[in-house]
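In what follows, a structure is listed as structure tokens, so that the remarks can point back to it.
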Number of protein chains: 2
Amino acid sequence: MSVDEVQTAPRMKAADRRELILEAATAVFGAKSYVGTTTDEVAHAAGVSQPYVVRLFGTKAKLYIAVIERAYARIIGEFESALPGPVEERRRRMGAAYAGLLAERGMLPVIANSTALGGDPEIGPVARGGFASVWRFVRDEAGFTEEETRDFMASGMLINAVVGLRLVGAYGTEASVTEVLDACFPDAVNRVREFMPAADEPW
Amino acid sequence: MSVDEVQTAPRMKAADRRELILEAATAVFGAKSYVGTTTDEVAHAAGVSQPYVVRLFGTKAKLYIAVIERAYARIIGEFESALPGPVEERRRRMGAAYAGLLAERGMLPVIANSTALGGDPEIGPVARGGFASVWRFVRDEAGFTEEETRDFMASGMLINAVVGLRLVGAYGTEASVTEVLDACFPDAVNRVREFMPAADEPW
DNA sequence: CCAAGTTGTTATCGAATGATTACTTCGGAC
DNA sequence: GTCCGAAGTAATCATTCGATAACAACTTGG
């Protein structure tokens with residue numbers, strides 16, 4: 001053993017490596033969108049070589065599908081743990097749970113971007129399925145009315161847009177921008193601002 | 001003059017050609033996103049050669065920026081013409097105006113996708129500016145309250161998601177999907193369904 | 001201890017894409 | 001008519017990217 005460090009990634013069970021790559025891929029896909037991301041960037045972020053990423057997931061599209069499915073599962077998981085407690089607080093708690101996912105890199109952007117990929121023959125069905133599953137959860141498990149569900153989902157989409165636009169970085173620079181953020185995160189603007197990247201940070 | 005037709009595009013003033021390309025580019029960018037679209041596809045859709053598209057706009061990014069700016073201007077134009085009339089009908093008329101833009105290929109998807117590009121150093125500022133200008137218009141010109149503005153914009157983002165997901169093609173196939181659409185287009189589901197592409201149509 | 005499956009890498013390929021260059025053709029002013 | 005700027009194309013280049021192939025090193029059951 002010489003002074004130079006190992007150049008190869010430390011051995012790991014494939015299942016763990018998969019999860020590690022999924023986490024990295026979520027961040028990169030979230031920052032640069034599906035088409036804008038190269039498998040090499042994902043590999044680099046995960047600390048492995050590009051061909052290994054391809055081999056573990058078969059294809060870039062399949063990797064992205066795994067990322068989306070994981071993200072939607074994560075969302076529903078968060079919503080589930082926000083359910084218990086007084087019904088009248090449910091909406092606020094679930095909204096906070098969604099905003100809390102901002103702390104996990106790429107989670108919200110991946111969800112947001114997936115809603116633009118309905119036209120892709122492979123990814124479209126998965127994206128539609130994920131969105132529908134969230135709607136169903138909010139409606140059936142959380143027991144929202146149809147109108148409450150629509151408003152809740154619409155708020156989520158607005159948050160996605162605000163995040164994607166990197167509006168948080170512009171908080172305070174212009175009246176309308178500040179107002180958008182105050183309207184989106186009624187009682188959590190400052191906490192959210194800590195999570196969020198500046199305008200041209202790669203995130 | 002022999003039997004074969006002209007292979008070259010008919011001569012046109014550069015300004016007109018620009019507008020024609022912008023219209024085609026809106027459709028293509030809307031269908032395949034910014035990174036997913038090639039300048040060659042835009043050129044084909046516009047009936048000109050690929051180098052000419054590049055020469056007229058300088059760069060793919062600049063072309064896309066022109067597309068975004070045109071789309072936001074179009075939206076605000078539609079909202080303006082929906083303003084006159086009884087105040088209590090304003091919200092419904094403006095909502096209908098937005099849904100009506102579905103008839104123009106790529107218009108809504110381009111807007112939706114632009115909200116994901118805030119991180120791009122060139123495109124980000126334009127996307128933020130467009131979004132903020134719409135918010136300002138709704139708030140100041142249309143005179144909505146802050147809460148009304150938030151709800152209105154959120155509804156728009158939900159519509160964007162539903163369009164991007166190609167959920168309309170799945171209307172009637174599943175209870176939750178049908179409900180999503182009914183909730184998004186309270187009194188216009190059938191009219192909207194005519195506009196919208198099927199799940200894996202290129203649009 | 002060693003054989004075999006698992007984990008991972010380096011090298012490389014073919015296709016696609018944005019951009020540049022150099023050339024051709026139209027149309028209108030004089 | 002003719003000349004010159006504007007409109008447009010074909011050919012081509014340098015990169016980039018996803019995927020494949022071939023190979024190397026670890027680890028584990030018997």
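Within every chain, numbering begins at 1; the chains are lettered A, B, ... in the order of the sequence lines, protein sequences first and strands thereafter. Because only heavy atoms are used, hydrogens play no part in the values below, and waters and symmetry mates are left out as well, while side chains stay in.
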In whole Å, I'd like the distance from the [atom1] atom of [X] to the [atom2] atom of [N].
{"X": "B:Lys32", "N": "C:dG18", "atom1": "NZ", "atom2": "C1'", "answer": "15 Å"}
{"X": "A:Lys13", "N": "C:dG8", "atom1": "NZ", "atom2": "P", "answer": "12 Å"}
{"X": "B:Arg55", "N": "C:dT24", "atom1": "CZ", "atom2": "C1'", "answer": "12 Å"}
{"X": "A:Glu41", "N": "D:dC17", "atom1": "CD", "atom2": "C1'", "answer": "10 Å"}
{"X": "A:Asp40", "N": "C:dA11", "atom1": "CG", "atom2": "P", "answer": "14 Å"}
{"X": "B:His44", "N": "D:dT9", "atom1": "NE2", "atom2": "P", "answer": "11 Å"}

Closest to the [X] side chain, choosing from [options]:
{"X": "A:Arg11", "options": "C:dT6, D:dA19, C:dT9", "value": "C:dT6"}
{"X": "B:Gln50", "options": "D:dA22, C:dG18, C:dA11", "value": "C:dG18"}
{"X": "A:Val54", "options": "D:dC17, C:dG8, D:dT20", "value": "D:dT20"}

* Indicate yes or no: at least one non-hydrogen side-chain atom of A:Met153 is less than 4.5 angstrom from one of B:Val180. => no
* **Nucleic acid contacts of residues 56-63 of chain B, taken as heavy-atom distances under 4.0 Å to DNA chain D** => none
* When you measure from the side chain of B:Arg128 to the backbone N and O of B:Gly118, does any donor-acceptor pair fall under 3.5 Å? -> yes
Show me the donor-acceptor pairs, under 3.5 Å and distance only, between side chains in residues 43-59 of chain A and residues at least two apart or in other chains.
| unit_1 | atom_1 | unit_2 | atom_2 | d |
| --- | --- | --- | --- | --- |
| A:Gln50 | NE2 | A:Thr39 | OG1 | 3.2 |

* Asked: Ignoring hydrogens and angles, does a donor from either the side chain of B:Arg17 or the base of D:dG8 sit under 3.5 Å from an acceptor on the other?
  -> no
* To do: May I ask you to decide if the ring planes of B:Phe79 and B:Tyr98 are parallel, tilted or perpendicular, using 30° and 60° as cut-offs?
  => tilted
* **Mutual orientation of the aromatic rings belonging to A:Tyr64 and A:Tyr34 [parallel < 30°, tilted 30-60°, perpendicular > 60°]** => tilted
* **Ionic contact status for B:Arg74 with B:Glu78, cut-off 4.0 Å** => yes
* Pair A:Glu148 + A:Arg91: basic N to acidic O under 4.0 Å -> no
* Asked: Within the structure, does a side-chain N or O atom of B:Thr39 lie under 4.0 Å from either OP1 or OP2 of C:dG18?
  -> yes
* Short side-chain N/O contact from A:Tyr52 to OP1 or OP2 of C:dG8, under 4.0 Å -> yes
* To do: Report which part of the nucleic acid A:Thr38 touches: base, sugar-phosphate, or nothing (heavy-atom distance under 4.0 Å, all strands).
  => sugar-phosphate
